[in-house]
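First comes the structure, then the notes that go with it.
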Amino acid sequence: MPVNHKYILASRPKGLITPDVLQLHESPLPTLEEGQALARVKFLSIDPTMRVWMADIPQYMPPVQLGEVMRSFGLAEITESRHPDFKRGDKILGLTGLQEFALVTRQEARGFQKLPFVPFLSDNHFLGTLGINGLTAYFGLLEVGKPQPGETLVVSAAAGATGSVAGQLGKIHGCRVVGIAGSDEKCKWIKADLGFDAVINYKHPDWKAQLVAATPGGIDIDFENVGGEVMQAVLDRMNLHGRVVLCGLISGYTREDPAFASFAQVLMKRLRVEGFIILDYASKFTEAVKQLAMWKMAGKLKDKQTILHGLDKAPEAINMLFTGANTGKLLIEL
Ligand SMILES: NC(=O)c1ccc[n+]([C@@H]2O[C@H](COP(=O)([O-])OP(=O)(O)OC[C@H]3O[C@@H](n4cnc5c(N)ncnc54)[C@H](OP(=O)(O)O)[C@@H]3O)[C@@H](O)[C@H]2O)c1
């Protein structure tokens with residue numbers, strides 16, 4: 001009898017994911033009712049927000065409840081359908097959950113989209129550069145950051161799925177782009193292959209002096225993915241009326257006492273700090289994906305993926321985001 005394997009949130013993590021947090025369960029595949037479809041998950045998107053969803057704190061979606069399938073984005077293929085909008089073989093994107101099969105109910109169907117077709121690009125790009133990460137970089141930089149040619153843009157977690165796109169979009173829009181990342185290898189990739197103007201490995205002892213040297217005219221836009229000490233060093237270099245695109249604060253997601261950057265520079269430099277959540281821009285996704293796909297096909301957006309294999313890699317994969325073990329988009333192929 002065919003079964004589904006799924007990860008249930010069994011306890012709330014303190015720090016990184018430990019074996020008691022996510023438990024692997026097995027259940028029979030459901031018999032479809034009218035209006036339902038069943039989809040086999042092909043790729044799982046591993047995102048820092050999953051660690052936020054595990055915590056019982058106020059956030060932009062309800063936290064995952066104990067005993068529920070762990071929430072995640074994924075790409076799946078319909079294997080059986082009694083839903084009018086989906087047929088066998090259709091590929092879909094949406095909140096599949098950390099499991100092998102996702103049930104698409106009438107109620108949940110609006111949360112799933114059919115995969116667009118773009119020639120010469122593999123499907124899993126729609127979970128990264130042409131998916132949530134590319135869109136986050138696009139709307140965060142262009143609508144919140146509003147880059148102008150000649151401005152200096154600093155991007156943190158710059159070799160990650162979102163940061164690597166944000167930096168390249170900064171180059172496309174004529175900025176001088178400085179990336180901050182956690183290894184020399186990552187720094188080499190974003191400078192040599194992605195065209196960043198300067199790079200800083202924040203694990204080097206003199207990285208703050210390097211940041212000063214790399215931003216002689218100060219910083220106009222901070223595309224902030226990290227928070228804490230990294231954000232503070234960037235805020236200290238901001239120019240008058242600079243913009244802080246508050247995309248993420250990953251350095252705090254696994255900590256009970258996240259280190260915050262001080263508001264002092266926000267006041268002194270009259271900065272505009274704006275947090276945003278990509279879901280707010282959903283009505284404009286189609287146009288943005290077309291634009292990102294054009295840049296991708298023109299060779300202006302390069303990317304890397306770190307792909308693990310097998311559902312059982314999910315707990316380890318989530319932790320990789322917090323130890324910096326991924327470069328570019330982190331995916332699990334099932
Ligand atoms: N606002 C939104 O709607 C939205 C949507 C998507 C993502 N985000 C945010 O964007 C950020 C990046 O997400 P992503 O999905 O693209 O992940 P990612 O950048 O591909 O992976 C996370 C990276 O963060 C870096 N990192 C982890 N802990 C760190 C620490 N303590 N200090 C400095 N760097 C650290 C690591 O790279 P290093 O090796 O460089 O340390 C790691 O590879 C996250 O903050 C996420 O929450 C926001």
Side-chain angles (χ1 to χ4, degrees), residues 15-16 44-55 59-61 72-73 127-129 131-141 143-145 154-169 178-190 194 196 199-204 207-208 211 222-234 244-255 257-261 273-282 284-285 288 303-308 317-331:
L16 292 177
L44 288 165
S45 173
I46 303 299
D47 298 293
T49 194
M50 293 167 74
R51 179 61 183 78
V52 179
W53 290 338
M54 290 179 184
Q59 48 187 288
Y60 66 96
M61 281 174 99
S72 75
F73 286 101
L127 290 174
T129 304
I132 292 292
N133 305 101
L135 291 165
T136 299
Y138 183 95
F139 289 108
L141 186 67
E143 300 231 351
V144 183
V154 172
V155 180
S156 52
T162 307
S164 58
V165 179
Q168 291 177 89
L169 294 184
V178 179
I180 305 179
S183 76
D184 291 344
E185 206 183 336
K186 288 184 182 187
C187 287
K188 189 172 164 217
W189 174 56
I190 59 177
L194 306 192
F196 282 52
V199 285
I200 285 134
N201 176 352
Y202 71 90
K203 292 183 180 164
H204 276 198
W207 71 271
K208 288 181 190 169
L211 180 65
D222 170 21
F223 193 99
E224 186 57 53
N225 285 320
V226 168
E229 199 184 352
V230 169
M231 182 172 181
Q232 186 63 61
V234 176
V244 178
V245 181
L246 195 46
C247 176
L249 296 167
I250 194 168
S251 68
Y253 296 170
T254 52
R255 294 174 56 159
D257 59 335
F260 294 110
V273 182
E274 187 173 336
F276 75 103
I277 293 292
I278 190 54
L279 302 178
D280 299 342
Y281 294 92
K284 299 182 179 178
F285 279 2
D303 53 26
K304 268 193 185 175
Q305 297 170 331
T306 302
I307 302 183
L308 304 188
I318 298 169
N319 283 342
M320 286 170 68
L321 294 167
F322 300 96
T323 58
N326 66 305
T327 301
K329 180 68 197 173
L330 182 56
L331 296 168

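Counting starts at 1 for both ligands and their atoms, following the listed order.
Every atom of ligand 1 with a heavy atom of Ile250 under 4.0 Å away is listed here by number and element: 22 (C), 24 (O), 26 (N), 27 (C), 28 (N), 29 (C), 35 (C), 45 (O). Of all the atoms in ligand 1, the ones that sit under 4.0 Å from a non-hydrogen atom of Ala161 are 16 (O), 18 (P), 19 (O), 20 (O). The Gly160 neighbourhood of ligand 1 comprises atoms 18 (P), 19 (O), 20 (O), with distances under 4.0 Å to a heavy atom of that residue. Near Gly328, meaning under 4.0 Å from any of its heavy atoms, are these atoms of ligand 1: 20 (O). Numbered from 1 in the order shown, with element, the atoms of ligand 1 that lie under 4.0 Å from a heavy atom of Asn133 read 14 (P), 15 (O), 16 (O). Near Gly248, with a cut-off below 4.0 Å to any heavy atom, the atoms of ligand 1 are 9 (C), 45 (O). Close approach of ligand 1 to Asn326 (heavy-atom distance below 4.0 Å) involves ligand atoms 18 (P), 20 (O), 21 (O), 42 (C), 43 (O). Atoms of ligand 1 lying under 4.0 Å from at least one heavy atom of Phe276, given by number and element, are 1 (N), 2 (C), 3 (O).
Scanning all protein heavy atoms for the shortest distance to atom 23 (C) of ligand 1 gives Leu321 O, 3.7 Å. Of the protein's non-hydrogen atoms, Thr136 OG1, 3.3 Å is the one closest to atom 5 (C) of ligand 1. What sits closest to atom 28 (N) of ligand 1 on the protein, heavy atoms only, is Phe322 O, 3.7 Å. The protein non-hydrogen atom at the shortest distance from atom 47 (O) of ligand 1 is Tyr253 OH, 2.8 Å. Shortest contact from atom 3 (O) of ligand 1 to any protein heavy atom: Ile278 N, 2.8 Å.
Minimum interatomic distance between Gly163 and Phe196 (heavy atoms only, all atoms of both residues): O-CZ, 4.0 Å. Of all non-hydrogen atoms in Lys208 and Ala233, the two that sit nearest each other are CG-CB, 4.3 Å.
Between Phe73 and Trp53, the angle of the ring planes lies from 30° to 60°, which puts this pair in the tilted group.
Residues Val165 and Tyr138 fail the side-chain proximity criterion, which asks for heavy atoms closer than 4.5 Å. Residues Trp189 and Leu194 have side chains in contact (heavy-atom distance under 4.5 Å, counting atoms from C-beta outward). By the 4.5 Å heavy-atom criterion applied to side chains, Phe285 and Ile278 are counted as neighbours. The shortest side-chain heavy-atom distance between Tyr253 and Leu321 does not fall under the 4.5 Å cut-off. Asp303 is not listed as a side-chain neighbour of Gln168, based on a closest heavy-atom distance of 4.5 Å or more. Residues Ile180 and Val234 are in side-chain contact: their nearest non-hydrogen atoms beyond the backbone lie under 4.5 Å apart.
At least one N or O atom of Gly182, backbone or side chain, sits closer than 3.5 Å to an N or O atom of ligand 1. Ligand 1 has no N or O atom lying under 3.5 Å from any N or O atom of Lys203, backbone or side chain. In terms of polar-atom proximity, Ser251 is not counted as a contact of ligand 1, lacking any N or O under 3.5 Å from an N or O of the ligand. Geometrically, ligand 1 and Tyr202 share a nitrogen or oxygen pair separated by less than 3.5 Å. Close N/O approach between Leu246 and ligand 1 is not found [any backbone or side-chain N/O within under 3.5 Å]. Looking at ligand 1, you'll find an N or O of Thr162 within less than 3.5 Å of one of its N or O atoms. Of the N or O atoms in Pro48, none lie within a sub-3.5 Å distance of an N or O in ligand 1. Considering backbone and side-chain N/O atoms, Lys186 comes within less than 3.5 Å of an N/O atom of ligand 1. Residue Asn225 places at least one N or O, backbone or side chain, under 3.5 Å from an N or O of ligand 1.
Under a 4.0 angstrom heavy-atom cut-off, Ala159 registers as lying outside contact with ligand 1. Using a 4.0 Å heavy-atom cutoff, Leu249 is listed among the residues neighbouring ligand 1. The closest approach between any non-hydrogen atom of Ala158 and ligand 1 is not below 4.0 Å.
The closest donor-acceptor contact from the side chain of Glu229 to the backbone of Gln232 lies at 3.5 Å or more, if one exists at all. With Asn326 contributing its side chain and Gly328 its backbone, the two residues share a donor-acceptor pair below 3.5 Å. For Arg51 (side chain) and Gly15 (main-chain N/O), a donor-acceptor pair under 3.5 Å exists by modelled atom type. Judged purely by atom type and a 3.5 angstrom limit, Ser72 has no side-chain atom pairing as donor or acceptor with the backbone of Ser45.
For atom 8 (N) of ligand 1, the nearest non-hydrogen atom from the set Gly163, Ala181, Cys247, Gly131 comes from Cys247.
Between the side chains of Tyr60 and Thr49, a donor-acceptor pair is found at a separation under 3.5 Å.
Exactly one residue among Thr306, Thr162, Asp47 makes a side-chain hydrogen bond (donor to acceptor under 3.5 Å, both in side chains) with Lys329. That residue is Asp47.
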